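Down below is the structure, laid out as structure tokens.
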Amino acid sequence: MDSVELARFLTAMTLAVHIIFATIGVGVPLMFAVAEFLGIKRNDPKYITLAKRWSKGYTITVAVGVVTGTIIGLQLSLLWPTFMQMGGHVIALPLFMETFAFFFEAIFLSIYLYTWDRFKSKWTHFLISIPVIIGGTFSAFFITAVNSFMNTPAGFEMKDGKMVNVQPWAAMFNESFLIRSFHVVATALMTMAFVLAAIAAFKLLKNKFKKDTEYHKKALKLTMILGVVFTLGSMLAGDLSAKFLHQEQPEKLAAYEWHFETESNADLIFFGSLDEETQEVSGAIKIPGILSFLADNNTDTEVKGLNEFPEELHPPMIVHYYFDIMVSMGVFCLIISGAFILTLIFKKLRKFTYSKPMLYGALLTGPAAMIAIEAGWFLTEQGRQPWLVRGYLKVADAATQAGGLTLVTILFGILYIILIVTTAYVLIRMFSNKPAYKDVEENTPERGDE
């Protein structure tokens with residue numbers, strides 16, 4: 001591979017690892033805050049125990065997320081020096097604010113972890129979780145602002161190949177910022193709801209400690225309910241994103257769906273194979289008019305085809321498969337969680353709520369949601385190709401020409417394997433052979449203390 005390909009591969013590898021920990025960083029604080037709220041409201045020690053155990057595991061992933069996030073910042077300068085030289089001063093504000101948001105989150109997370117049972121009112125401790133949620137969410141907002149800038153650059157004037165007359169706020173709050181931020185946060189919440197649901201389902205299937213059964217049932221019920229809510233939010237975000245792409249980045253939307261000819265009543269295409277020379281799609285599931293409907297809520301809407309754009313500006317056609325994977329995994333999660341909710345609503349179905357088929361389905365939602373969010377990031381990043389900053393700087397012109405990237409890529413690959421394996425090992429050891437019912441008993445107030 002040449003330097004451009006190596007730079008792209010190393011960046012992709014870093015993002016693929018970091019998105020795991022970034023998703024946890026955004027999604028988990030709200031989860032343990034909801035659990036604590038229910039625990040206080042219902043005077044239920046099982047929910048309090050959920051909040052404590054989830055927040056305890058969360059601290060490990062935050063530490064690793066700092067490492068991978070720092071690496072991304074370094075790689076922007078080392079692998080994409082032309083981009084930083086051209087636009088580094090334009091995106092400096094959100095990069096700085098992202099660091100501030102992390103420190104804000106870390107400070108209140110420390111206070112949250114070490115002040116259980118330190119306040120006369122339990123609600124005081126719950127309130128400390130709110131800054132943690134805000135810090136994690138705003139951290140996602142600010143880093144998404146940088147990525148949005150690459151897709152819809154704003155807040156500067158271009159003169160002699162340089163970005164001048166910079167307006168930092170306009171650059172940060174560019175056209176795609178709100179939609180993309182909503183999409184990032186909604187999918188992170190959805191993913192973590194299902195990851196935690198998968199853990200609860202696994203524990204119920206394994207059933208190592210009988211006394212833990214009710215605890216894990218409550219965890220599964222809470223996470224599946226939240227999973228439905230956040231999945232619907234993610235689908236709304238996806239719908240808004242499709243409409244935005246139709247207006248602002250039509251070539252990206254067309255590549256997602258292998259849509260080559262401009263036409264109304266355009267088909268939505270799932271899977272299949274493409275002959276790029278003849279532009280023929282075979283073996284695909286085609287749903288008439290749905291692409292037009294996604295673009296503008298009308299099946300008669302005209303959707304631009306890829307042939308309207310120069311071939312050298314076409315995104316790689318592989319993005320279609322990323323889109324299919326993202327959508328199919330999201331639909332799978334909605335079906336399983338929706339079925340779970342139905343068993344709660346209808347008494348005749350209650351016997352299926354914690355049945356083995358349902359538990360196995362819930363177990364699969366965790367990996368499915370994580371695959372969906374990984375596919376979504378590959379979709380949006382490769383869908384921007386060949387641009388690094390759309391309309392201004394191509395990837396091939398921005399990559400470093402320095403040598404030695406092969407060795408660096410191998411070393412980073414080894415580092416990421418170590419980080420992932422070590423994190424998984426620590427999290428497993430943290431809770432293995434440590435039944436939840438003992439923590440529940442510790443969190444159960446004695447009479448007179450309530």
Side-chain angles (χ1 to χ4, degrees), residues 5 8-9 11-13 15-16 19 147 150-151 176 179-180 183-184 187 234-235 237-296 299 301-334 367-388 390 394-395:
E5 292 173 330
R8 289 182 62 188
F9 180 80
T11 303
M13 182 168 58
L15 286 173
I19 194 60
N147 191 272
M150 297 177 183
N151 285 272
S176 63
I179 291 174
R180 288 170 62 80
H183 203 160
V184 166
T187 52
S234 298
M235 289 182 170
D239 180 69
L240 294 173
S241 297
K243 289 170 173 54
F244 178 83
L245 291 176
H246 170 65
Q247 296 294 333
E248 302 296 334
Q249 293 178 278
E251 77 284 0
K252 200 172 183 178
L253 181 63
Y256 288 177
E257 285 302 306
W258 289 343
H259 181 68
F260 293 95
E261 299 297 333
T262 299
E263 59 182 0
S264 57
N265 198 36
D267 297 345
L268 187 70
I269 297 174
F270 280 108
F271 297 102
S273 59
L274 172 68
D275 186 328
E276 294 193 38
E277 290 186 7
T278 63
Q279 298 180 353
E280 291 292 326
V281 179
S282 59
I285 301 171
K286 296 184 180 181
I287 308 177
I290 298 301
L291 180 58
S292 291
F293 185 82
L294 285 175
D296 198 30
T299 55
T301 296
E302 186 177 84
V303 181
K304 282 187 177 182
L306 273 173
N307 291 336
E308 295 280 335
F309 307 93
E311 188 174 349
E312 64 270 16
L313 298 183
H314 289 186
M317 294 299 103
I318 194 175
V319 295
H320 170 74
Y321 293 115
Y322 298 140
F323 180 82
D324 290 343
I325 291 170
M326 178 185 70
V327 172
S328 57
M329 293 296 102
V331 170
F332 171 78
C333 291
L334 181 63
M370 191 59 75
I371 289 171
I373 207 165
E374 289 279 6
W377 272 101
F378 276 87
L379 174 71
T380 192
E381 292 304 291
Q382 290 199 26
R384 190 181 64 241
Q385 304 295 319
W387 299 105
L388 186 63
R390 186 171 180 268
K394 290 185 177 179
V395 170

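The basis for the numbers below is simple: all heavy atoms, side chains too, and nothing from hydrogens, waters or symmetry mates. Everything quoted here is computed from the prediction, not taken from an experiment.
Residues passing the side chain to side chain contact (heavy atoms under 4.5 Å, CB included) test with Met370 are Ile20, Thr191, Val195, Ile373, sequence neighbours excluded. Every residue meeting the ring pair (Phe, Tyr, Trp, His ring centres under 6.0 Å) condition with Phe378, not counting sequence neighbours, appears here in chain and number order: Tyr322. Under the rule for a side chain to side chain contact (heavy atoms under 4.5 Å, CB included), the partners of Glu263 that lie at least two apart in sequence or sit in another chain are His259, Ala266. In this view, Glu374 satisfies the salt bridge (charged side-chain N to carboxylate O under 4.0 Å, His left out) rule with no residue, not counting sequence neighbours. Not a single salt bridge (charged side-chain N to carboxylate O under 4.0 Å, His left out) links Arg8 to another residue, sequence neighbours left out. The ring pair (Phe, Tyr, Trp, His ring centres under 6.0 Å) search around Trp258 returns His320, Tyr321, not counting sequence neighbours. A search for side chain to side chain contact (heavy atoms under 4.5 Å, CB included) contacts involving Leu313 returns Pro310, Pro386, Trp387, Lys394, not counting sequence neighbours. Remark: Glu302 pairs with no residue by the side chain to side chain donor-acceptor pair (under 3.5 Å) rule, at least two apart or across chains. In this structure Asp239 satisfies the salt bridge (charged side-chain N to carboxylate O under 4.0 Å, His left out) test together with Lys243, sequence neighbours excluded.
Phe293 contributes atom CZ, which lies 8.5 Å from atom OG1 of Thr299 (distance to the nearest 0.5 angstrom). Atom CG of Leu268 and atom CD1 of Ile290 lie 7.0 Å apart (nearest 0.5 Å). Between Asp324 atom CG and Ile285 atom CD1 the span is 9.0 Å, to the nearest 0.5 Å. Separation of atoms CD (Gln249) and NZ (Lys304) is listed at 12.5 Å; rounding is to 0.5 Å. Atom CD1 of residue Ile179 and atom CG of residue Asn151 lie 12.0 Å apart, to the nearest 0.5 angstrom. Atoms NE2 and CG, on His246 and Leu294 in that order, are 11.0 Å from each other to the nearest 0.5 Å.
Between Ala284 and Ile269, the closest heavy-atom pair is CB-CG2, 3.5 Å. Scanning both residues, Ala372 and Met329, for their nearest heavy atoms gives CB-CB, 3.7 Å. Among all heavy-atom pairs drawn from Ala254 and Gly305, the shortest one is CB-C, 4.2 Å. When all heavy atoms are compared, the tightest approach of Gly383 to Val319 is N-CG1, 3.8 Å. Heavy-atom minimum distance, Val395 versus Gln385: CG2-OE1, 3.2 Å.
Within a 6.0 Å sphere centred on CD of Glu312, heavy atoms belonging to other residues, nucleotides or ligands number more than 12.
Residue pairs meeting the side-chain hydrogen bond (donor to acceptor under 3.5 Å, both in side chains) criterion with at least one member in residues 282-292, sequence neighbours excluded: Ser273-Ser282. Applying the salt bridge (charged side-chain N to carboxylate O under 4.0 Å, His left out) test to pairs two or more places apart or on separate chains, those with a residue in residues 375-386 are Glu381-Arg384. Residue pairs satisfying the salt bridge (charged side-chain N to carboxylate O under 4.0 Å, His left out) criterion with at least one member in residues 245-256, sequence neighbours excluded, are listed as follows: Glu251-Arg390.
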**OP:** Decide side chain to side chain contact (heavy atoms under 4.5 Å, CB included) for Gln279 and Asn307; before the verdict, give the C-alpha distance in whole Å, the side-chain angles of both, and the deciding distance to 0.1 Å.
**Re:** CA-CA 10 Å; Gln279 298 180 353; Asn307 291 336; 2.9 Å; yes
Original post:
Which is it for Met235 and Val331 under the side chain to side chain contact (heavy atoms under 4.5 Å, CB included) test, yes or no, and what are the steps along the way?
Top reply: CA-CA 9 Å; Met235 289 182 170; Val331 170; 4.2 Å; yes
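Taking 4.5 Å as the limit, some side-chain heavy atom of Leu253 sits within range of a side-chain heavy atom of Leu291. The side-chain heavy atoms of Met317 and Leu306, taken from C-beta on, include a pair separated by under 4.5 Å. Side-chain contact between Phe270 and Ser328: absent, with no pair of heavy atoms (C-beta onward) separated by less than 4.5 Å. A 4.5 Å side-chain heavy-atom check between Leu274 and Phe260 finds at least one atom pair inside the cut-off.
In terms of modelled atom types and a separation under 3.5 Å, the side chain of His314 and the main chain of Ala255 share no donor-acceptor contact. The closest donor-acceptor contact from the side chain of Thr380 to the backbone of Trp377 lies at 3.5 Å or more, if one exists at all.
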